Amino acid sequence: MSITNIEVPAAQENVKAVISSMQAAGHEQVVHFYDAQTGLKAIVAIHNTKLGPALGGTRMWAYKNEAEALNDVLRLSKGMTYKAAITGLNLGGGKAVIIGEPSMKSEALLRTFGKFINGLGGRYITAEDVNISTRDIEYIAMETSHVTGLPESLGGSGDPSPVTAYGVFLGMKASAKNVYGSDSLSGKKVVVQGTGKVGQALVDLLIEDGAKVSINDIREENIKAVTNKHSGVTLVSAAELYDVEMDIYAPCALGATVNSDALSRLRCTIIAGSANNQLEDEVIHGKMCADKGILYAPDFLINAGGLINVYTELEGYNQKRAMEKTEHIYEATLDVFKIAARDQVTTNTAAARLAEKRIEDISRIKLTM
Ligand code: NAD
């Protein structure tokens, strides 16, 4: 074996940029993995482990470049810290990204990734995310026990979406209580954008509660899955989505749909949905919601059912227990609205402050032990 000089153009600048991003967002650790044999390129970001091991799914995506992947994993891992903290879980925030087309996935690639995760010694626990299925999790679990979200057939918690939808539904009801004085959604016009796994389960709950539901999706089969089941559900085109008359907008597809364009058109009174990072800019669009008299139910608070579900698996899965823990979202959402009103801040800021306070308080307890 000969060791030659390793070409690392601008490496110092890159390292400096990563460290300064970590400093800015408060990350503890960022780990890059590479395996020549399988072509695996992955990054794990551990944002904060003060409450417990960092838990967050692995996303596989054909990022344009490593910088885009790094940005995504830093942003998503920080969000997980807040989600776990406000939900009262003894978990920190972390996330992993695998860079590449999902078609690159193989048993060898996923097991290699599992070995890398194992090397982190439990500081980071992985789970499913975009383009990583329960089948993929099975391969990862062959190499590490620091994984959750296994299929039900293997004693795992399976698809977390129904639990996520239940939490979103409760967050929406708490919002209704705050705005209309009653948490009944009967007769309320709700537009659900994105009728995938969470959206479909949410529509079921809304119909049962008597809401008038309209949906929008780009996939015909996901629209049909809803309309075949509920004949009263109407369709909204993408062009008119933000202009139709509605009481509640439920973003359950993508992030950043609560942006300046949408807010210049939306005439709803509540925004409550499952998508992560709904506000394009937390400060600007959080304030725009408040100024327009729209009550925004913070996404990381009301979509935590999925995280609760995989956390419950770590303790020995029991769906009843996961649902019971998810029920706390209703009271927690009301508390956030109260604090936002008392402190004259946006609901998003109030939720973030609550999460930060819990991390601070619990860290103190740990320091005295
Ligand atoms: P999914 O992939 O099953 O569903 C997403 C749906 O959105 C699909 O039907 C898709 O066709 C639709 N969609 C995509 N782009 C769209 C667009 N431009 N306009 C309209 N529809 C569009 O995903 P999911 O598991 O249902 O998750 C929905 C959202 O909730 C995601 O943002 C996800 O990150 C978030 N979330 C999910 C969970 C969970 O437990 N599944 C937990 C927390 C957060």
Side-chain angles (χ1 to χ4, degrees), residues 55-61 72-73 75-77 79-80 82-84 86-87 89 91 93 95 97 102 127-134 137 148-149 152 156-172 191-206 214-227 233 235-242 244 249-259 261-262 271-280 297-313 319 322-323 325-326 329:
L55 194 155
T58 296
R59 177 169 293 193
M60 185 159 189
W61 197 258
D72 207 26
V73 77
R75 204 176 47 89
L76 291 165
S77 55
M80 293 307 294
Y82 281 78
K83 194 182 291 199
I86 199 160
T87 308
L89 304 177
L91 287 176
K95 202 89 182 175
V97 293
E128 292 158 32
D129 197 74
V130 178
N131 292 325
I132 295 292
S133 64
T134 44
I137 290 292
T148 181
E152 280 165 292
S157 55
D159 179 14
S161 309
V163 187
T164 302
Y166 185 50
V168 171
F169 175 67
L170 294 175
M172 195 184 282
V191 173
V192 179
Q193 178 188 31
T195 48
K197 296 185 293 293
V198 179
Q200 287 178 31
L202 178 63
V203 171
D204 291 345
L205 294 165
L206 292 170
S214 301
I215 59 168
N216 166 262
D217 201 295
I218 50 171
R219 288 176 64 184
E220 197 54 38
E221 70 267 31
N222 287 356
I223 292 175
K224 286 237 169 73
V226 175
T227 50
V233 168
L235 302 186
V236 185
S237 70
E240 60 179 355
L241 180 71
Y242 301 117
V244 293
Y249 165 51
C252 298
L254 308 164
T257 62
V258 183
N259 50 40
D261 170 50
I271 296 177
S274 73
N276 285 311
N277 304 318
Q278 288 166 29
L279 300 175
E280 187 177 63
D299 47 15
F300 64 89
L301 168 66
I302 70 165
N303 75 9
L307 180 63
I308 294 171
N309 205 52
V310 288
Y311 177 75
T312 312
E313 180 178 325
Q319 197 188 35
M323 286 297 203
K325 275 193 187 166
T326 302
I329 289 177

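Source: prediction; values computed, not measured. First listed ligand is number 1; within each ligand, the first listed atom is number 1.
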Regarding Thr164 and Asn303, do their side chains bring together a donor and an acceptor under 3.5 Å, going by distance alone?
no

Set of residues satisfying side-chain contact (heavy atoms from CB on, under 4.5 Å) with respect to Ala262, sequence neighbours excluded
Tyr242, Asn259, Leu266

Tell me whether Lys95 is salt-bridged to Asp129, with the criterion being a basic N under 4.0 Å from an acidic carboxylate O.
yes

Please identify each residue that fulfils side-chain hydrogen bond (donor to acceptor under 3.5 Å, both in side chains) with Thr58, with sequence neighbours left out.
Thr126

Return the protein residues near ligand 1 (heavy atom under 4.0 Å from any of its atoms), ordered by chain and residue number.
Pro160, Ser161, Thr164, Gly194, Thr195, Gly196, Lys197, Val198, Asn216, Asp217, Ile218, Arg219, Asn222, Cys252, Ala253, Leu254, Ser274, Ala275, Asn276, Asn303

Partners of Asp72 by side-chain contact (heavy atoms from CB on, under 4.5 Å), sequence neighbours excluded?
Arg59, Tyr63, Arg75, Leu76

Test Lys325 against Tyr311 for side-chain contact (heavy atoms from CB on, under 4.5 Å), laying out the working first.
CA-CA 11 Å; Lys325 275 193 187 166; Tyr311 177 75; 3.4 Å; yes

